[in-house]
Amino acid sequence: MKIATWNVNSLKVRLPHLLRYLEADTAPDVLLLQELKCQTEDVPRAEIEALGYHVEAVGQKTYNGVAIVSKTPISVVLRRLPGDEAADEQARYLEADIADLRVAALYLPNGNPVETEKYPYKLRWMERLADRAAALLAEDRPFLLGGDYNICPTDADVYDPVGWRDDALVRPESRAAFRRLLHLGLTEAFHALHPHATRAFSFWDYQAGAWQRDNGLRIDHLLLSPALADRLEACEIDKEPRGWERASDHTPVWCRLRAA
DNA sequence: ATGTCATGGCACCCATGA
(Lines give C-alpha, C1' and ligand atoms only; values in the text may rest on other atoms or scores of the structure.)
Protein backbone atom coordinates (compact mmCIF):
# COMPACT_ATOMS: atom_id res chain seq x y z
CA MET A 1 0.00 0.00 0.00
CA LYS A 2 1.36 3.38 -1.06
CA ILE A 3 0.43 6.53 0.87
CA ALA A 4 1.55 10.00 -0.19
CA THR A 5 1.24 13.58 1.02
CA TRP A 6 1.29 16.69 -1.17
CA ASN A 7 0.75 20.36 -0.48
CA VAL A 8 -0.72 21.49 -3.82
CA ASN A 9 -0.95 25.24 -3.05
CA SER A 10 -4.40 25.70 -4.64
CA LEU A 11 -6.36 22.66 -5.73
CA LYS A 12 -8.01 24.68 -8.49
CA VAL A 13 -4.73 25.73 -10.10
CA ARG A 14 -3.05 22.37 -9.54
CA LEU A 15 -5.93 20.10 -10.61
CA PRO A 16 -4.15 19.10 -13.86
CA HIS A 17 -1.09 18.17 -11.81
CA LEU A 18 -3.15 16.19 -9.33
CA LEU A 19 -4.88 14.25 -12.10
CA ARG A 20 -1.56 13.57 -13.82
CA TYR A 21 -0.16 12.27 -10.53
CA LEU A 22 -3.19 10.06 -9.89
CA GLU A 23 -3.18 8.67 -13.43
CA ALA A 24 0.44 7.52 -13.32
CA ASP A 25 1.15 3.84 -12.80
CA THR A 26 3.09 4.91 -9.68
CA ALA A 27 -0.02 6.62 -8.24
CA PRO A 28 -0.61 6.16 -4.51
CA ASP A 29 -3.51 4.26 -2.98
CA VAL A 30 -4.04 7.11 -0.52
CA LEU A 31 -3.08 10.74 -1.05
CA LEU A 32 -3.21 13.45 1.64
CA LEU A 33 -3.56 16.97 0.26
CA GLN A 34 -2.92 20.37 1.84
CA GLU A 35 -3.52 24.01 0.93
CA LEU A 36 -6.61 23.40 -1.17
CA LYS A 37 -7.35 27.15 -0.89
CA CYS A 38 -10.99 26.54 -1.73
CA GLN A 39 -14.24 25.85 0.04
CA THR A 40 -15.33 22.26 0.57
CA GLU A 41 -18.14 22.54 -2.00
CA ASP A 42 -15.68 23.77 -4.64
CA VAL A 43 -13.45 20.69 -4.49
CA PRO A 44 -13.44 19.15 -8.00
CA ARG A 45 -14.84 15.83 -6.83
CA ALA A 46 -16.08 14.58 -10.20
CA GLU A 47 -12.65 14.85 -11.87
CA ILE A 48 -11.00 12.94 -9.02
CA GLU A 49 -13.75 10.33 -8.80
CA ALA A 50 -13.54 9.79 -12.57
CA LEU A 51 -10.09 8.30 -11.96
CA GLY A 52 -11.53 5.77 -9.55
CA TYR A 53 -10.76 7.59 -6.32
CA HIS A 54 -12.90 8.61 -3.37
CA VAL A 55 -12.34 12.06 -1.91
CA GLU A 56 -13.17 13.78 1.38
CA ALA A 57 -12.18 17.36 2.14
CA VAL A 58 -12.46 20.15 4.64
CA GLY A 59 -11.94 23.51 2.99
CA GLN A 60 -12.38 27.23 3.53
CA LYS A 61 -12.14 30.32 1.38
CA THR A 62 -8.65 31.51 0.33
CA TYR A 63 -6.54 29.71 2.92
CA ASN A 64 -5.67 26.25 4.23
CA GLY A 65 -7.88 23.29 3.34
CA VAL A 66 -6.99 19.57 3.50
CA ALA A 67 -8.27 16.46 1.75
CA ILE A 68 -7.93 12.70 1.67
CA VAL A 69 -8.05 10.88 -1.67
CA SER A 70 -8.27 7.08 -1.66
CA LYS A 71 -8.87 4.16 -4.00
CA THR A 72 -11.05 2.55 -1.32
CA PRO A 73 -13.89 4.22 0.63
CA ILE A 74 -13.16 6.88 3.25
CA SER A 75 -15.05 7.15 6.53
CA VAL A 76 -14.46 10.58 8.08
CA VAL A 77 -13.79 10.59 11.83
CA LEU A 78 -12.81 14.23 12.52
CA ARG A 79 -12.92 17.48 10.53
CA ARG A 80 -11.07 19.52 13.13
CA LEU A 81 -8.14 18.78 15.42
CA PRO A 82 -9.60 18.35 18.93
CA GLY A 83 -8.88 21.00 21.57
CA ASP A 84 -9.96 24.61 20.90
CA GLU A 85 -11.90 23.31 17.90
CA ALA A 86 -14.84 25.56 18.62
CA ALA A 87 -12.57 28.61 18.34
CA ASP A 88 -10.25 27.24 15.67
CA GLU A 89 -11.88 27.99 12.34
CA GLN A 90 -8.89 27.04 10.19
CA ALA A 91 -9.30 23.99 7.94
CA ARG A 92 -6.07 22.19 8.78
CA TYR A 93 -7.01 18.67 9.88
CA LEU A 94 -9.02 15.76 8.50
CA GLU A 95 -8.96 12.30 10.05
CA ALA A 96 -10.58 9.24 8.53
CA ASP A 97 -10.71 5.45 8.44
CA ILE A 98 -9.69 3.74 5.23
CA ALA A 99 -10.33 0.02 5.67
CA ASP A 100 -8.57 -0.86 8.95
CA LEU A 101 -6.16 2.09 8.75
CA ARG A 102 -6.63 5.50 10.38
CA VAL A 103 -5.10 8.41 8.47
CA ALA A 104 -5.01 12.16 9.02
CA ALA A 105 -4.17 14.89 6.54
CA LEU A 106 -2.76 17.89 8.37
CA TYR A 107 -1.53 21.36 7.52
CA LEU A 108 0.38 22.64 10.49
CA PRO A 109 0.47 26.43 10.96
CA ASN A 110 3.53 28.14 9.48
CA GLY A 111 4.08 30.27 12.61
CA ASN A 112 5.88 33.22 11.04
CA PRO A 113 6.63 35.88 12.07
CA VAL A 114 7.65 34.40 15.42
CA GLU A 115 7.07 37.65 17.35
CA THR A 116 3.36 37.61 16.43
CA GLU A 117 0.46 35.53 17.74
CA LYS A 118 1.02 33.17 14.79
CA TYR A 119 3.91 31.45 16.55
CA PRO A 120 2.10 30.55 19.80
CA TYR A 121 -0.83 29.40 17.66
CA LYS A 122 1.53 27.01 15.89
CA LEU A 123 2.97 25.69 19.17
CA ARG A 124 -0.50 25.31 20.68
CA TRP A 125 -1.65 23.46 17.56
CA MET A 126 1.30 21.08 17.97
CA GLU A 127 0.31 20.42 21.59
CA ARG A 128 -3.17 19.53 20.39
CA LEU A 129 -1.67 17.25 17.74
CA ALA A 130 0.43 15.48 20.37
CA ASP A 131 -2.69 15.03 22.51
CA ARG A 132 -4.51 13.54 19.53
CA ALA A 133 -1.58 11.23 18.73
CA ALA A 134 -1.50 10.08 22.37
CA ALA A 135 -5.21 9.30 22.24
CA LEU A 136 -4.78 7.25 19.05
CA LEU A 137 -1.83 5.40 20.55
CA ALA A 138 -3.93 4.60 23.61
CA GLU A 139 -6.49 3.00 21.28
CA ASP A 140 -3.71 0.79 19.95
CA ARG A 141 -4.79 1.58 16.43
CA PRO A 142 -2.59 1.61 13.30
CA PHE A 143 -2.46 5.20 12.09
CA LEU A 144 -0.55 7.63 9.91
CA LEU A 145 -0.37 11.39 10.45
CA GLY A 146 0.82 12.96 7.21
CA GLY A 147 1.08 16.42 5.81
CA ASP A 148 2.82 19.75 5.70
CA TYR A 149 4.26 20.03 9.21
CA ASN A 150 6.00 23.35 8.50
CA ILE A 151 8.93 22.00 10.56
CA CYS A 152 12.46 21.17 9.46
CA PRO A 153 13.31 18.52 12.08
CA THR A 154 17.08 19.13 11.95
CA ASP A 155 19.60 21.39 10.23
CA ALA A 156 20.12 18.64 7.64
CA ASP A 157 16.61 19.50 6.45
CA VAL A 158 17.49 23.13 5.64
CA TYR A 159 19.63 24.31 2.72
CA ASP A 160 20.94 27.24 4.80
CA PRO A 161 20.57 26.55 8.52
CA VAL A 162 22.31 29.78 9.57
CA GLY A 163 20.15 31.98 7.39
CA TRP A 164 16.98 30.24 8.63
CA ARG A 165 17.96 30.14 12.32
CA ASP A 166 15.21 32.49 13.51
CA ASP A 167 12.42 31.13 11.33
CA ALA A 168 9.40 29.41 12.89
CA LEU A 169 10.11 26.33 10.73
CA VAL A 170 13.43 25.65 12.48
CA ARG A 171 13.09 27.34 15.90
CA PRO A 172 13.98 25.11 18.87
CA GLU A 173 10.44 25.23 20.25
CA SER A 174 9.04 24.00 16.93
CA ARG A 175 11.61 21.22 16.75
CA ALA A 176 11.00 20.22 20.37
CA ALA A 177 7.28 19.97 19.68
CA PHE A 178 8.01 17.75 16.66
CA ARG A 179 10.35 15.55 18.73
CA ARG A 180 7.60 15.24 21.32
CA LEU A 181 5.50 13.48 18.66
CA LEU A 182 8.37 11.10 17.96
CA HIS A 183 8.96 10.48 21.67
CA LEU A 184 5.35 9.38 22.02
CA GLY A 185 6.36 6.48 19.81
CA LEU A 186 5.74 7.72 16.28
CA THR A 187 8.18 7.05 13.45
CA GLU A 188 9.00 9.67 10.83
CA ALA A 189 9.08 7.47 7.75
CA PHE A 190 11.66 9.26 5.59
CA HIS A 191 14.18 9.71 8.38
CA ALA A 192 13.74 6.11 9.51
CA LEU A 193 14.80 4.79 6.10
CA HIS A 194 17.25 7.55 5.13
CA PRO A 195 18.90 8.70 8.37
CA HIS A 196 21.93 10.16 6.61
CA ALA A 197 20.19 11.79 3.66
CA THR A 198 21.42 15.18 2.57
CA ARG A 199 19.59 17.76 0.47
CA ALA A 200 16.43 15.64 0.61
CA PHE A 201 13.93 18.47 0.36
CA SER A 202 10.16 18.55 -0.16
CA PHE A 203 9.66 22.32 -0.59
CA TRP A 204 11.41 24.99 -2.64
CA ASP A 205 10.31 28.61 -2.42
CA TYR A 206 9.08 30.29 -5.59
CA GLN A 207 11.48 33.18 -4.98
CA ALA A 208 15.13 33.73 -5.77
CA GLY A 209 15.47 30.70 -8.05
CA ALA A 210 15.24 28.36 -5.05
CA TRP A 211 14.22 25.33 -7.15
CA GLN A 212 16.96 25.85 -9.74
CA ARG A 213 19.56 26.26 -6.97
CA ASP A 214 18.12 23.38 -4.93
CA ASN A 215 17.61 25.75 -2.01
CA GLY A 216 14.96 23.66 -0.32
CA LEU A 217 13.52 22.55 3.00
CA ARG A 218 12.13 19.21 4.19
CA ILE A 219 8.86 20.07 5.90
CA ASP A 220 6.39 17.44 4.60
CA HIS A 221 6.35 14.32 6.76
CA LEU A 222 4.65 10.96 7.26
CA LEU A 223 4.45 9.89 10.90
CA LEU A 224 3.61 6.26 11.59
CA SER A 225 2.21 4.47 14.60
CA PRO A 226 4.36 1.57 15.91
CA ALA A 227 2.43 -1.16 14.07
CA LEU A 228 2.72 0.75 10.78
CA ALA A 229 6.41 1.47 11.33
CA ASP A 230 6.93 -2.30 11.45
CA ARG A 231 5.36 -2.50 7.98
CA LEU A 232 7.36 0.37 6.44
CA GLU A 233 9.30 -0.82 3.40
CA ALA A 234 9.99 2.35 1.40
CA CYS A 235 9.72 6.12 1.68
CA GLU A 236 10.81 8.59 -0.98
CA ILE A 237 10.40 12.17 -2.11
CA ASP A 238 9.08 12.38 -5.67
CA LYS A 239 10.76 15.52 -7.01
CA GLU A 240 9.26 15.24 -10.49
CA PRO A 241 6.04 17.23 -9.95
CA ARG A 242 8.04 20.19 -8.58
CA GLY A 243 9.61 20.48 -12.03
CA TRP A 244 6.29 20.59 -13.90
CA GLU A 245 5.12 23.84 -15.40
CA ARG A 246 3.23 26.06 -12.95
CA ALA A 247 4.20 23.71 -10.10
CA SER A 248 3.26 23.81 -6.45
CA ASP A 249 6.16 24.90 -4.24
CA HIS A 250 5.92 21.45 -2.55
CA THR A 251 6.44 18.00 -4.04
CA PRO A 252 4.91 14.66 -2.93
CA VAL A 253 6.43 12.46 -0.24
CA TRP A 254 5.29 8.82 -0.22
CA CYS A 255 5.78 5.62 1.72
CA ARG A 256 4.99 1.99 1.01
CA LEU A 257 3.64 -0.32 3.72
CA ARG A 258 3.79 -4.10 3.60
CA ALA A 259 0.48 -5.94 3.85
CA ALA A 260 -0.69 -6.37 7.43
C1' DA B 1 16.27 38.23 2.45
C1' DT B 2 13.44 37.82 -1.43
C1' DG B 3 14.57 37.47 -8.29
C1' DT B 4 7.27 34.41 -6.70
C1' DC B 5 2.55 32.81 -6.50
C1' DA B 6 -2.36 32.52 -5.30
C1' DT B 7 -6.39 34.62 -3.43
C1' DG B 8 -10.28 37.95 -3.01
C1' DG B 9 -12.25 42.43 -2.71
C1' DC B 10 -12.43 45.74 -5.52
C1' DA B 11 -12.26 47.55 -9.34
C1' DC B 12 -8.32 46.04 -13.86
C1' DC B 13 -4.24 46.98 -8.47
C1' DC B 14 -3.33 45.90 -3.89
C1' DA B 15 -3.00 43.60 0.70
C1' DT B 16 -2.23 39.25 2.72
C1' DG B 17 -0.09 34.76 3.54
C1' DA B 18 3.42 31.74 2.60
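A quick note: this is a predicted structure, and the numbers were derived from the prediction, not measured. In the text below, chain A, chain B and the rest are named by the order of the sequence lines, each starting its count at 1. As a basis for the values below, the full set of heavy atoms in this structure was taken, side chains included, without hydrogen atoms, waters or symmetry mates.
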Check: Distance between the C1' atoms of B:dG3 and B:dG8, in whole angstroms?
Finding: 25 Å
Next item on the list: Give one of base, sugar-phosphate or nothing for A:W211, where a contact means two heavy atoms less than 4.0 Å apart.
Entry: nothing
Note to self: If I take atom CH2 in residue A:W204 and atom C1' in nucleotide B:dA1, what distance separates them, rounded to the nearest angstrom?
What the structure shows: 20 Å
Check: Hey, which of these two, A:P109 or A:N9, hits DNA chain B nearer its 5' end, going by closest nucleotide?
Finding: A:N9
Note to self: Without decimals, in angstroms, what is the distance between A:E35 CD and B:dT4 C1'?
What the structure shows: 14 Å
Next item on the list: Mark yes when over 12 heavy atoms from residues, nucleotides or ligands other than A:E41 sit less than 6.0 Å from its CD; otherwise mark no.
Entry: yes
Check: Base, sugar-phosphate, or nothing for A:R213, non-hydrogen atoms under 4.0 angstrom?
Finding: base
Next item on the list: May I ask you to say whether A:R20 pairs ionically with A:E23, meaning some side-chain N is under 4.0 Å from a carboxylate O?
Entry: no
Next item on the list: Taking only the side-chain nitrogens and oxygens of A:T62, find out if one of them lies under 4.0 Å from OP1 or OP2 of B:dT16.
Entry: no
Check: OP1, OP2 of B:dT4 versus side-chain N and O of A:R246: anything below 4.0 Å?
Finding: no
Item checked: P atoms of B:dA1 and B:dA6, separation to the nearest Å -> 25 Å
Notebook entry, point to check: NA contact type, A:F203, heavy-atom cut-off 4.0 Å: base, sugar-phosphate, or nothing?
Noted result: nothing
Next item on the list: Considering only atom C1', compute the distance from B:dC10 to B:dA15 and round it to an integer number of Å.
Entry: 12 Å
Margin query: Given B:dT2, B:dT7, B:dA1, identify the nucleotide with an atom nearest to the side chain of A:S10.
Written below: B:dT7
Check: When the nearest nucleotide of DNA chain B is assigned to A:D160 and to A:Y206 on a heavy-atom basis, which residue is associated with the more 5' position?
Finding: A:D160
Item checked: A:K37 vs B:dG8: side-chain N/O to OP1/OP2 distance below 4.0 Å -> no
Check: Nearest-Å distance, CG (A:D148) to P (B:dG17)?
Finding: 17 Å
Check: When you measure from the side chain of A:A208, which nucleotide among B:dA6, B:dG17, B:dA1 comes out closest?
Finding: B:dA1
Notebook entry, point to check: When the distance from CG of A:D42 to C1' of B:dT7 is rounded to whole Å, what number comes out?
Noted result: 13 Å
Margin query: Roughly how many Å apart are B:dT16 and B:dA11, using the P atom of each and rounding to a whole number?
Written below: 16 Å
Notebook entry, point to check: To the nearest Å, how far apart are A:L217 CG and B:dT2 P?
Noted result: 17 Å
Margin query: Using the side-chain heavy atoms of A:N110, tell me which of these nucleotides is nearest: B:dC5, B:dA18, B:dG3.
Written below: B:dA18
Check: Heavy-atom count around A:D160 CG within 6.0 Å, excluding the residue itself: above 12?
Finding: yes
Margin query: At less than 3.5 Å, do the side-chain atoms of A:Y63 and the base atoms of B:dA15 form a donor-acceptor pair?
Written below: no
Note to self: Under the rule for side chain to side chain donor-acceptor pair (under 3.5 Å), what residues qualify as partners of A:D42, not counting sequence neighbours?
What the structure shows: none
Notebook entry, point to check: Rounded to whole angstroms, how far apart are CG on A:N112 and P on B:dG17?
Noted result: 12 Å
Check: Do NZ/NE/NH1/NH2 and the carboxylate oxygens of A:R218 and A:E188 come within less than 4.0 Å?
Finding: yes
Check: In whole angstroms, how far is the C1' atom of B:dG17 from the NZ atom of A:K61?
Finding: 16 Å
Next item on the list: Starting at atom CZ of A:R165, determine the distance to atom C1' of B:dA1, rounded to an integer number of angstrom.
Entry: 14 Å
Next item on the list: Indicate, with a heavy-atom threshold strictly under 4.0 Å, whether A:Y159 touches base, sugar-phosphate, or nothing.
Entry: base
Margin query: Work out how far the C1' atom of B:dG17 is from that of B:dT2, and round it to whole angstrom.
Written below: 15 Å
Checklist line | Backbone N/O of A:H196 and side chain of A:H191: donor-acceptor pair under 3.5 Å | finding: no
